[in-house]
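Order of the sequence lines fixes the chain letters, A, B, ..., with proteins taken first and strands second; residue numbering starts at 1 for each chain.
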Amino acid sequence: MENGNEYAPHVEEIARVLEGVIDIGKDELENELRTYVEHYKVPLYVAKRSIVKKYGGNERLLGGMEWTKLNSLMPNTPSVNFVARVVTANPKEINGPDGPKRIVYGILGDDTATVPFTLWEGSFPYEKGDVIRVRNAYTKEWQGQVQVNMGARTVISPEEPDALPPGFTREVVEAKASELRPGMRNVSTTLRIVDMEKREVEVSGEKKVLFTGLAGDDTGLVRFTSWHDFGLKRDGIYRITGAYVNSWRGVPRLTFDEKCSCDPVEDDSFPSSEEIRGGRLIGLGELVEMGGAVGVTIRGVVIDIKPGSGLISRCPECRRVIQKGTCMVHGKVKGVNDLRIKAILDDGTGAVTTIINRELTERLTGKTMREYEEEARDAMTPEVVRDDIVEKLLARKLEVRGNATSDDFGVMLIAEDARPAAVDVESEARALLQEIEGGA
Amino acid sequence: MEREIAWRVFAREYGDSTLLLRSGEERAPAYLVTPTGAKVNRIYAVGTLVSVENKGTEEEPMWIARLNDPTGFFFIFAGQHQRDVGAVLSSLQPPVFLAVTGKVRAYTPPDGDRMYVSVRAEGVHVVEGPQYDDWILDSARSLKERLDAWKILSEDPELGVEGLASHGVGRHIAEGVLLAQEHYGRPNLGWYRDMLVSALQTLLPEYDGLHASHMFPAPQEEGGGGEEVLSRVLEIVRELDEGPQGAIWEDILDRAAESGITPEDLEEAVEILIDRGELYEPVLGRIKLV
């Protein structure tokens, strides 16, 4: 940027968006921008959009655009913008639905992280060491890591080599248990081991010992895997540095090995294992964004009770739900009755499917499975059981603790505890009112 | 596929919405963006069911129910494809507290420019008072979150989704607020704040009797709302129509104001009633029942 005037960065941005659309000088753009803002009193962001639109540019490429550092990229984000240096770039031929197709894959880096990328459309005339500005790329998660994808809507432009500091020094990320996200690297955190087991696995023909379990702090629990014997003890508190986070079915997993450090810590004020296990209350929007979590407590209204709720029949061999006395795997079997609820819980910020087992269902409905079996026999249909559950639980707010995982159908929480949520409407309304009137 | 969130939005704000996002793709969800930026595909509404009517035929029913909340009315729709819901609705005797989950439904008459917004019901369930109160609280909290996002945005209008998120605004809110800003400009936030306060006051005994819906009369453009005003105006004229000259216009105006009817609405109502042959003007400034 040539000078320090306040319009300069905005003029640069407009010029970038209009590049290749129209040949126009930056002085002219600046004059125009000034006129909009100073004479017509139009807000800056409106002025920028208007100018880009007027010259036939795509105004969606500006306005509220965020330039993200690579270490804060989240998986499954529809549009991300960043500046990065090409670490590696390799063309590759693949067989697409419309025949062979050339793509480019490789690694991009900035001063905070490196990420793998794939370019699906267009050309990539850049090589190792080049710095590029990328707009409107999107991210996915692959093998527990954030992956950048560039498609037809992505715009890539060259940058000066000094737009980024040289090298890829990695920022140390300090995080609490609930802040750990798949793809995070070089993580430092202090956690108490709540549960742990030692396992032996074979990795490329070689026997390895690993330690897996649950660890947590005042924000919640996280799964962990240690590939090295640090002498971890249940209930011990450890300062872990240099770890990374991958995921399985959306549940983050803190992973560390001999290259990391893991030292015991004395801290009497650290929450106990029991306190950590109690689970923290988490909003469903946050849970859906995280993709999964262990030992969380959620609150939501039962807005739907799915088919497959009520009295069901399971295979005595494998516990699979069976239809008409036939198991997918074991064929004709004598089914064993079970009782469960598949409910959609929604709190207005997110929605999850919740599976409630027999014991909890009996407690919530006040009826035993035996009583339900009798009612179903009398009515000659198990539908009456589901009807009763709907009658008692639909539109009710529940508080549920359990473990959440995600798949293609969204987030599912297996309940370990479920009870009607106790809401003190009056005092909560009063508190909210005070907040609004106080903050006016 | 992530399941669509069931938004908690007050009826008045829902009805005020004029931005419908419909992508060209088939079966892609449509979103209604409310003035403060709730981006709604699915809604969860709880209120008092005040009327149920079949506006279709017996073979092709089209149930329209009106659900009252502290700010106005939701119009609940159940057509041929929601027969189960229609069956439940038709069996209900208003007033009852009703919880409704449904999808956004918007209709613009071919010759009109105003969009009518209703809820295509997926499911309805009779509930009790505490669930209604709980819903009001949740809806208030949701609206407050959006108003807080606007406050942040007013300090820096250039913030995008990420920028808002870095100030602690949830992504599902940030996106909608930015869309609302683009479409509505800056909505009348003070008004929605007052609506929020009134709605919360209905939950507190110290404000007993001060029911928010008196301050926030339901929009009168659609169906039953208009009829309600008409019948109220007719009632007023009947009460005041004593002498042979009929009721004095100024008196009608005063009484109408007491009922929360604006002079504009009153004039329109009287015109309609004269057209319908229920009222006439014997002399200037006097109104009489036919």
Side-chain angles (χ1 to χ4, degrees), chain A residues 10 43-46 48-49 62-68 72 74 76-81 283-286 288-289 300-305 344 346-353 390-391 394-397 406 408-411 421 423-430 432-433 435-437 439-440, chain B residues 1-9 38 42 44 46 98-101 122-128 130-131 133-142 144-145 147-148 151 157-166 170-173 178 181-182 190 193 196-197 199-206:
Chain A
H10 304 292
L44 183 64
Y45 71 99
V46 177
K48 285 163 72 177
R49 278 164 188 238
L62 51 75
M65 184 180 291
E66 307 286 328
W67 297 98
T68 312
S72 50
M74 301 277 295
N76 304 319
T77 310
S79 176
V80 293
N81 310 292
L284 291 177
E286 196 185 336
V288 169
E289 201 175 298
V301 173
V302 176
I303 64 162
D304 198 7
I305 289 180
I344 305 287
D346 184 307
D347 69 353
T349 70
V352 301
T353 306
V390 166
E391 196 49 46
L394 194 62
R396 299 273 165 180
K397 196 176 261 183
S406 59
D408 290 349
F409 299 101
V411 174
V423 183
D424 183 349
V425 170
E426 207 178 299
S427 65
E428 289 192 29
R430 198 167 284 123
L432 196 58
L433 201 55
E435 220 180 295
I436 295 162
E437 303 203 304
Chain B
M1 269 301 277
E2 242 167 52
R3 193 184 153 89
E4 291 289 344
I5 300 168
W7 281 86
R8 274 61 154 180
V9 181
R42 174 176 280 128
Y44 178 66
V46 183
L98 193 70
V100 179
T101 40
E122 295 175 301
V124 295
H125 193 65
V126 174
V127 296
E128 285 152 37
Q131 277 118 299
D133 290 347
D134 194 49
W135 177 84
I136 293 173
L137 185 62
D138 283 346
S139 303
R141 207 171 267 139
S142 174
K144 177 168 184 299
E145 261 187 84
L147 294 180
D148 287 347
K151 211 181 273 174
E158 296 235 25
L159 284 175
V161 173
E162 298 299 325
L164 284 168
S166 72
R171 268 157 209 279
H172 70 291
I173 291 183
L178 292 174
Q181 178 179 250
E182 208 165 283
R193 181 186 165 279
L196 168 54
V197 167
L200 278 173
Q201 286 174 346
T202 64
L203 301 175
L204 299 174
E206 58 263 40

Side chain proximity check, B:L196 to A:I436, heavy atoms < 4.5 angstrom:
yes

Between A:L394 and B:H125, which heavy-atom pair has the shortest distance, and what is it?
O-CD2, 3.4 Å

Is it the side chain or the backbone of B:S142 that comes within 4.5 Å of chain A heavy atoms, both, or neither?
neither

What pair of heavy atoms forms the shortest contact from A:G348 to B:H172, and how long is it?
O-NE2, 4.1 Å

So do B:L200 and A:E437 actually touch side chain to side chain, heavy atoms under 4.5 Å?
no

Please flag which part of A:E286 lies under 4.5 Å from any non-hydrogen atom of chain B: side chain, backbone, both or neither.
neither

Given that the side chain runs from C-beta out, which part of B:V197 has a heavy atom under 4.5 Å from chain A: side chain, backbone, both or neither?
both

Measure across A:A429 and B:L203 and return the closest heavy-atom pair with its distance rounded to 0.1 Å.
CB-CD1, 3.7 Å

Interchain contact, B:R141 with chain A, by part (heavy-atom threshold 4.5 Å)
both

If one checks every heavy atom of B:D138 against chain A at 4.5 Å, the contacting part turns out to be side chain

Within the 4.5 Å heavy-atom criterion, are A:D346 and B:Y44 side-chain neighbours or not?
no

Using non-hydrogen atoms and a 4.5 Å limit, figure out which bit of B:A140 sits close to chain A: side chain, backbone, both or neither.
both

Should A:V423 and B:L137 be marked as a side chain to side chain contact (heavy atoms under 4.5 Å, CB included) after you check the CA-CA gap, both sets of side-chain angles, and the distance that decides it?
CA-CA 10 Å; A:V423 183; B:L137 185 62; 4.1 Å; yes

Between B:D134 and A:R396 (salt bridge meaning N to carboxylate O under 4.0 Å), is one present in this structure?
no

B:A6 and A:I303: which non-hydrogen atoms are nearest, and at how many Å?
CB-CD1, 3.7 Å

Using a 4.5 angstrom heavy-atom cutoff, name the option from A:V411, A:V301, A:V352, A:T353 with the most pairs to chain B.
A:V301

Between A:A395 and B:V127, which heavy-atom pair has the shortest distance, and what is it?
CB-CG1, 3.5 Å

If I measure from the heavy atoms of chain A, does B:E128 come under 4.5 Å with its side chain, its backbone, both, or neither?
side chain

Which answer fits A:V390, side chain, backbone, both or neither, if we ask what part of it has an atom under 4.5 Å from a heavy atom of chain B?
both

Heavy-atom closest contact (A:E426 atom, B:L204 atom, distance)
O-CD2, 3.4 Å

So for A:I344, is it side chain, backbone, both, or neither that comes closer than 4.5 Å to the heavy atoms of chain B?
side chain

